[in-house]
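Worksheet for the structure shown next.
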Amino acid sequence: MNITRENIDELNAVVKVEIAKEDYNPKVEKVLKDYRKSANIPGFRKGHVPMGLVQKQYGKAVLVDEVNKLLQESLNKYLTEEKLDVLGNPLPKEQENFDWSDDNYEFEFELGLSPKFEVELNTKKAITHYTIVADDEMIENQIKTIQKQYGKLVAKDEAAEGDQVTGTFKNEEEGIENTTTLPLEKIKGKRNLNKFVGAKVGDTISLKTKNLFENDHELMEFLKVEHEKAHDLDIEVTFEISEVNEQIPAELDQELFDKLFGEGKVTSVSELKEKIKEDAEGQFVQQSDQQLLNDVTERLIEQTEFDLPKEFLQRWIQVSGEKELTADEAKEEYEKSEKGLRFQLIEGKLIQENELQVQFEELKEMTKERIKMQMAQFGQMDPSDKDLEDIASRVLSNQEEVKKLSEQVMNKKLLDLYKEKANLENKELTYENFVKEVYK
């Protein structure tokens with residue numbers, strides 16, 4: 001057997017594989033002898049079928065199968081030994097006048113080669129690394145939400161601002177009839193709100209749906225209408241009041257603190273505010289880190305220039321799926337996936353150059369931490385090491401879970417690398433301003 005390579009350019013090559021009869025014939029003869037032992041052909045005893053008949057019936061199929069096996073094994077071994085970094089898979093070239101009746105065969109494969117390039121993390125233009133802080137307004141709003149959540153409802157006969165009213169929205173023509181509890185703070189506009197203020201249990205109020213709430217989603221929620229219908233809905237509905245409740249907020253006392261955080265963990269309003277700030281900013285770190293990953297990814301794709309074997313990849317995409325694509329479909333698919341492919345190559349180079357590896361112990365520790373968090377949500381605050389080990393073992397026996405966890409651990413390692421080596425510019429801002437700036 002002889003394998004040679006011709007480099008067309010830096011990104012494309014052709015590999016020629018020459019297979020002689022002595023390379024494949026011993027394997028073909030062995031398979032045919034095994035067939036002869038088990039062949040069940042009418043007129044012959046098992047194991048006594050003439051070899052010529054076995055050759056005639058099975059010879060070509062066995063030859064093709066064994067040559068293809070040898071071809072794939074040899075090609076894969078060659079790519080490994082030569083340390084060729086290829087994109088996609090080798091594409092066989094069409095050959096005219098190929099004949100399986102010959103003794104010796106020659107096959108050619110096109111290769112798409114990975115480009116050579118350098119990745120510079122310390123970019124000239126700094127990348128923003130956001131630090132999201134919980135401001136006083138957010139903390140106060142969170143305290144009000146907690147007080148509402150742990151407060152109590154007191155039944156009333158007459159509605160006032162800030163109350164909750166339960167009743168039924170109706171419009172026969174549009175088929176609307178939905179009973180709901182409506183916090184009056186959701187009502188938009190003084191004119192609409194005044195229709196509720198002073199209304200009593202049993203009263204029916206007429207309302208226009210247009211500008212009744214701040215957005216279509218609230219109209220969908222309280223009237224139970226489809227999104228398409230809610231958009232620009234401008235009809236008259238009635239609301240019959242069946243119940244009025246005043247929401248009395250919970251007192252900011254030790255009983256509430258203990259309910260929220262456990263006995264004695266928080267003992268004052270100032271400690272409550274610190275705890276809310278700490279918890280909120282802890283959650284914001286995840287969003288900040290994800291944004292940093294996104295921004296570094298975009299910057300690296302933008303500034304790391306290299307060519308790809310575009311025509312080869314389009315041909316490979318055309319034939320590699322379950323269904324063969326047209327040339328135009330393959331081109332469109334390539335254009336959609338090119339950006340992702342570029343970052344895969346950049347990310348792979350960063351992982352290789354910085355020797356980033358995912359160890360099994362890291363996967364196990366991440367799994368155990370997540371299990372502890374999930375158990376804590378159900379009140380199991382101190383699970384035993386044995387329980388954690390047993391559950392983690394079950395999780396890590398699932399290959400799909402292992403794959404997802406490995407990607408998450410590697411993302412964390414890349415994030416740490418970016419924080420250490422990338423040109424970052426820290427920017428501190430509130431969550432509200434972060435959303436405005438990032439999602440503008």
Side-chain angles (χ1 to χ4, degrees), residues 1-25 27-28 60-119 300-302 304-353:
M1 182 182 299
N2 186 39
I3 302 180
T4 56
R5 181 176 82 249
E6 178 189 356
N7 290 329
I8 308 301
D9 53 38
E10 290 185 350
L11 298 173
N12 295 275
V14 173
V15 169
K16 184 185 293 185
V17 183
E18 297 173 349
I19 298 179
K21 185 172 183 178
E22 56 266 26
D23 297 322
Y24 64 81
N25 202 49
K27 293 184 179 180
V28 171
K60 187 171 183 180
V62 171
L63 169 68
V64 172
D65 189 42
E66 290 304 318
V67 169
N68 276 323
K69 283 182 189 175
L70 182 61
L71 180 61
Q72 290 303 319
E73 289 169 6
S74 305
L75 187 58
N76 290 337
K77 184 180 177 184
Y78 174 81
L79 296 178
T80 302
E81 289 177 348
E82 293 292 311
K83 298 180 180 177
L84 289 177
D85 195 0
V86 299
L87 301 178
N89 292 317
L91 286 178
K93 291 186 72 173
E94 287 188 20
Q95 294 175 266
E96 293 182 8
N97 304 319
F98 184 87
D99 190 352
W100 283 105
S101 300
D102 295 338
D103 287 340
N104 302 319
Y105 308 109
E106 187 178 283
F107 302 91
E108 289 186 344
F109 293 87
E110 295 179 76
L111 302 182
L113 305 178
S114 185
K116 302 288 189 291
F117 60 92
E118 297 299 323
V119 182
L300 290 177
I301 292 171
E302 177 187 308
T304 310
E305 295 183 358
F306 53 82
D307 292 325
L308 290 169
K310 182 176 175 181
E311 289 78 14
F312 168 85
L313 288 170
Q314 288 179 17
R315 290 198 302 276
W316 175 70
I317 289 170
Q318 189 173 355
V319 300
S320 62
E322 291 182 11
K323 177 187 172 186
E324 187 167 330
L325 304 178
T326 65
D328 287 341
E329 287 171 336
K331 181 181 179 183
E332 183 181 348
E333 194 63 33
Y334 170 79
E335 288 170 353
K336 285 193 286 187
S337 59
E338 182 184 354
K339 191 174 181 181
L341 174 58
R342 285 182 177 279
F343 188 67
Q344 281 180 16
L345 293 171
I346 293 168
E347 188 178 68
K349 191 169 185 66
L350 287 172
I351 290 169
Q352 182 184 29
E353 288 182 346

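Residues: numbered from 1 along the sequence shown.
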## Note on the structure
Smallest heavy-atom separation, Leu113 atom then Ala13 atom, equals CD1-CB, 4.2 Å
### Task
Find out whether Phe107 and Val67 are in side-chain contact, i.e. whether some heavy atom of one side chain is under 4.5 Å from a heavy atom of the other.
yes
### Query
Less than 4.5 Å apart, any side-chain heavy atom of Glu118 and any of Glu353?
yes
#### Entry: Lys339 side, atom NZ; Gln344 side, atom CD - distance, nearest 0.5 Å
14.0 Å
### Check against side-chain contact (heavy atoms from CB on, under 4.5 Å), Tyr334 and Leu308
CA-CA 11 Å; Tyr334 170 79; Leu308 290 169; 3.6 Å; yes
### Query
Side-chain contact, heavy-atom cut-off 4.5 Å: Pro90 with Leu79?
yes
### Task
Can you label the angle between the Phe117 ring and the Phe306 ring as parallel, tilted or perpendicular, going by 30° and 60°?
parallel
### Task
Quick one: pull up CD in Glu106 and CG in Asn2 and give me the separation to the nearest 0.5 Å.
9.5 Å
### Query
Take atom NZ in Lys349; do more than 12 heavy atoms of anything else shown fall under 6.0 Å from it?
yes
### Query
Just how far is it from atom CD of Gln72 to atom NZ of Lys77, taken to the nearest 0.5 Å?
15.0 Å
### Step-by-step side-chain contact (heavy atoms from CB on, under 4.5 Å) determination, Arg315 to Phe312
CA-CA 5 Å; Arg315 290 198 302 276; Phe312 168 85; 4.2 Å; yes
### Task
Output the distance between atom OH (Tyr24) and atom CG (Asp65), rounded to the nearest 0.5 Å.
14.0 Å
#### Entry: Test item: Thr304 side-chain N/O and Ile301 main-chain N/O as donor-acceptor pair under 3.5 Å
no
### Message
I need the minimum non-hydrogen distance between Val15 and Arg5, along with the two atoms involved.
### Response
CG2-CG, 4.0 Å
### Message
I'd like to know whether CD of Glu305 has more than 12 heavy-atom contacts from other residues, nucleotides or ligands below 6.0 angstrom.
### Response
no
### Query
How long is the gap from OH on Tyr78 to OG1 on Thr80, to the nearest 0.5 Å?
11.5 Å
#### Entry: Side-chain (Glu338) to main-chain (Lys310) donor-acceptor, under 3.5 angstrom
no
### Message
Can you give me the closest heavy-atom contact between Ile19 and Met1, atom names plus distance?
### Response
CG1-CE, 4.2 Å
### Query
Going from CD on Gln314 to CD on Glu335, what distance comes out if it is rounded to the nearest 0.5 angstrom?
7.0 Å
### Message
For Ser114, is there any backbone N or O sitting under 3.5 Å from a side-chain donor or acceptor partner on Asp85?
### Response
no
### Side-chain donor or acceptor of Asp9 paired with backbone N/O of Leu11 under 3.5 Å
yes
### Message
A quick test of your reading: do over 12 heavy atoms of other residues, nucleotides or ligands sit less than 6.0 Å from CD of Glu10?
### Response
no
### N/O donor-acceptor pair under 3.5 Å between Asn104 side chain and Lys21 backbone
yes
### Summary
When every non-hydrogen atom of Ile3 is compared with those of Ser74, the smallest separation belongs to CD1-O, 3.8 Å
### Task
Flag the pair Leu111 / Asn12 as yes when at least one side-chain heavy-atom distance between them is below 4.5 Å, and no otherwise.
no
### Query
In this structure, which one of Leu70, Leu71, Asp99, Leu63 forms a side-chain contact (heavy atoms from CB on, under 4.5 Å) with Tyr105?
Leu63
### Minimum-distance pair of heavy atoms, taken over all atoms of Pro309 and Gly112
CG-CA, 4.0 Å
### Task
For Gln318 and Leu325, indicate whether the former's side chain and the latter's backbone hold a donor-acceptor pair under 3.5 Å.
yes
### Task
For the residue pair Lys69 and Lys27, establish whether any side-chain heavy-atom pair is separated by less than 4.5 Å.
no
